[in-house]
Protein chains: 2
Amino acid sequence: MKAAKRKPGVGARVERVEQREDDEARFLERYRPGVYPRPSVTVDLVVFTVLDRLLHVLLVRRSEHPFKGRWALPGGFVRVGDDRGDQGEDLDAAAHRELLEETGLSHTTSNGIFLEQVRTFGAPGRDPRMRVISVAYYALVRPTLVPRIRAGGDVSHAEWFDVAELVDPASRRAGGTELAFDHAVILDAALAKMRADLDRTAIGFELVPETFTIQELRAVHEAIRGEPLDPGNFRKRFLRSIEDGVIEAARGKRPTASKPASVYRFVRPPRSDG
Amino acid sequence: MKAAKRKPGVGARVERVEQREDDEARFLERYRPGVYPRPSVTVDLVVFTVLDRLLHVLLVRRSEHPFKGRWALPGGFVRVGDDRGDQGEDLDAAAHRELLEETGLSHTTSNGIFLEQVRTFGAPGRDPRMRVISVAYYALVRPTLVPRIRAGGDVSHAEWFDVAELVDPASRRAGGTELAFDHAVILDAALAKMRADLDRTAIGFELVPETFTIQELRAVHEAIRGEPLDPGNFRKRFLRSIEDGVIEAARGKRPTASKPASVYRFVRPPRSDG
DNA sequence: GCAAAAGTGTTTAATTTACACCCATGC
DNA sequence: GCATGGGTGTAAATTAAACACTTTTGC
């Protein structure tokens, strides 16, 4: 902070601000948090990927009560700290950490994974043990990383599930995959938000390798929307985004069952932080 | 629950489920929550209305440290209960309650007010006293209710602010309305979400009287988007939604400076609960 | 050569945008 | 009468949808 030369008006203003800050510092010094009950806060992750041209979600089998044996979304408690001094970790950081812990991915790898907040769920009784408020995120994991995912920590098993099957109420019951807690609701909300984000933002590129062909990108869009798209029209819409500087042609060709396809690269936006 | 006739397969299944539920009941009986630190959780409200054809937001002046004297979003703690037995109130309910407490509106009135969750903010240090995680909502208040709003509770004053001025960084500093905490960020997020919702959902009708003219509805859209709209085109887009059953013609005419205008009514959707 | 998918082009419909103009009313 | 805003119509521009066709490769 610059020490302002004391012009009369400005000086008065500065003194007032210093006064206020002094007051506040004294207040905080003496402040002791009350003993009102507080909720536990968790992050729950809806981790998506595309396998076999179908949208999949990562679930973990619960090894403990409640809902022991049921499939659930990975997640865990937000680190909070002790109020004074360190206040703990940010929500986004908690989501990243949980992703890392539950998938076994390395820190640098999991930090490159796209994460977006969905909504916060806090109905009383959603966890029978105690009041738990859960901030839901969805994550997009490139299929190339999937083989490196192993369930870690306190979950006995993690598995990818076809989202279409999981969301269909009939096969949900038949397959015995009724999710724990209110996780079916959270999954629905995450799916809706992700689909809405698909044609507003650039999230499609998060599910495709570093360089990709148009048809690979189209396969991702088809998996997310759950319906086929016209190859020609998709290509045109896509090529427009070259002019917008969103993507650029990359070197090389990708061999296919027929004619080799051109590959492209997503141009990461210059990190404006928002 | 129906007592199933005991076919062999089903019987085995039922026994297994009963076993699981017994286990879980015993587990919950014995369960004691750990002593890990928990955050405080609040709801913050971004209450919008349209006054003088301009979008306004309700702010309260803080009467206590921290940020004493600064303007802030109304809000308060979520009631949590004691874990066992009553777990407290839902997040939406907390938002409604705070709206009621901070505006002095009646219970029935404030229950008719549109509320939508924006996002949850939980960066460490956003409240210097302790770790506070805040679930942000935006609310839409019909201008007809505005005169009945009085600041209640522990705030010394509440006031409507022109959003355009408030968001503009220059006039924000000049006017001395730098908001407390991270409330400027929350306001921005709420504004963005509300604008996005405007042409996806029917929120426009929430800021207009029970019956309204097309131009009144257009004024609301113009206030939210911050730019004028073509009257003819807006009318056509609007009239299409009559065929969709979203609105219907109401009785009577509204006198204007010139030709009296037809009035319409928003047909509330049949409450599908979501 | 043939299948298969890449890549291009064309036609039509639907939607958006801009703007001209008539009409009923208060003053 | 005439200013004002309600209400209607039309033409151009843009975007979306449907689909035919040509090209290049592997086998």
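Small disclaimer: the values here were computed from a predicted structure and weren't measured. Chain naming here is simple, since letters A, B, ... match the order of the sequence lines and numbering starts at 1 in each.
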- Item | Gap between atoms CZ and C1', on B/Phe234 and D/dG6 respectively (whole Å) | 14 Å

- Query: How would you list, by chain and number, every residue that makes a side-chain hydrogen bond (donor to acceptor under 3.5 Å, both in side chains) with B/Arg225, sequence neighbours excluded?
  - Reply: B/Glu227

- Would you please confirm or rule out a distance under 4.0 Å between OP1 or OP2 of D/dG7 and any side-chain N or O of B/Ser262? yes

- Item | Residue-level proximity of residues 199-232 of chain A to DNA chain D when a heavy atom falls under 4.0 Å | A/Asp230

- Message: Applying salt bridge (Lys or Arg N to Asp or Glu O under 4.0 Å) as the test, list every pair that has at least one member in residues 42-52 of chain B; sequence neighbours left out.
- Response: B/Asp44-B/Arg126

- Rounded distance in Å - NZ (B/Lys253) to P (C/dC23): 16 Å

- Do B/Glu102 and B/Arg61 meet the salt-bridge criterion of a basic N to acidic O distance under 4.0 Å? no

- Message: Once ring pair (Phe, Tyr, Trp, His ring centres under 6.0 Å) is applied, do any residues pair with B/Trp160, and if so which ones, sequence neighbours excluded?
- Response: none

Listing time: all N or O pairs from protein to nucleotides 10-17 of chain C that are below 3.5 Å?
from: C/dT10; atom 1: O4; to: A/Lys236; atom 2: NZ; distance (Å): 3.0
from: C/dT16; atom 1: OP2; to: B/Arg240; atom 2: NH1; distance (Å): 3.4

- Item | Under 4.0 Å protein heavy-atom contacts per nucleotide of nucleotides 21-27 of chain D, with B for base, S for backbone only and - for none | --BBB--

- Message: Without decimals, in angstroms, what is the distance between B/Tyr264 OH and D/dG6 C1'?
- Response: 10 Å

- Message: Run the side-chain hydrogen bond (donor to acceptor under 3.5 Å, both in side chains) test against A/Asp168 and tell me which residues pass, sequence neighbours left out.
- Response: A/Ser171

- Message: Applying salt bridge (Lys or Arg N to Asp or Glu O under 4.0 Å) as the test, list every pair that has at least one member in residues 232-242 of chain B; sequence neighbours left out.
- Response: none

- Task: May I ask you to check whether A/Phe121 and A/Phe181 place their ring centers less than 6.0 Å from one another?
- Result: no

- Residues two or more places apart in sequence or in another chain: which of them pass salt bridge (Lys or Arg N to Asp or Glu O under 4.0 Å) with B/Arg53? none

- Those residues at least two apart in sequence (or on a different chain) that pass salt bridge (Lys or Arg N to Asp or Glu O under 4.0 Å) with A/Glu216 are A/Arg254

- Provide the full list of salt bridge (Lys or Arg N to Asp or Glu O under 4.0 Å) pairs with a residue in residues 244-253 of chain B, sequence neighbours left out, each pair given once. B/Glu248-B/Arg265

- Between C/dG9 atom C1' and A/Leu239 atom CG, what is the distance in whole Å? 13 Å

- Query: How close or far is atom C1' of C/dG7 from atom CD1 of A/Ile242, stated in whole angstroms?
  - Reply: 13 Å

- Query: Whole-Å distance between C/dA5 C1' and A/Arg254 CZ?
  - Reply: 15 Å

- Query: Tell me the salt bridge (Lys or Arg N to Asp or Glu O under 4.0 Å) pairs involving residues 103-118 of chain B, sequence neighbours left out?
  - Reply: B/Glu116-B/Lys193

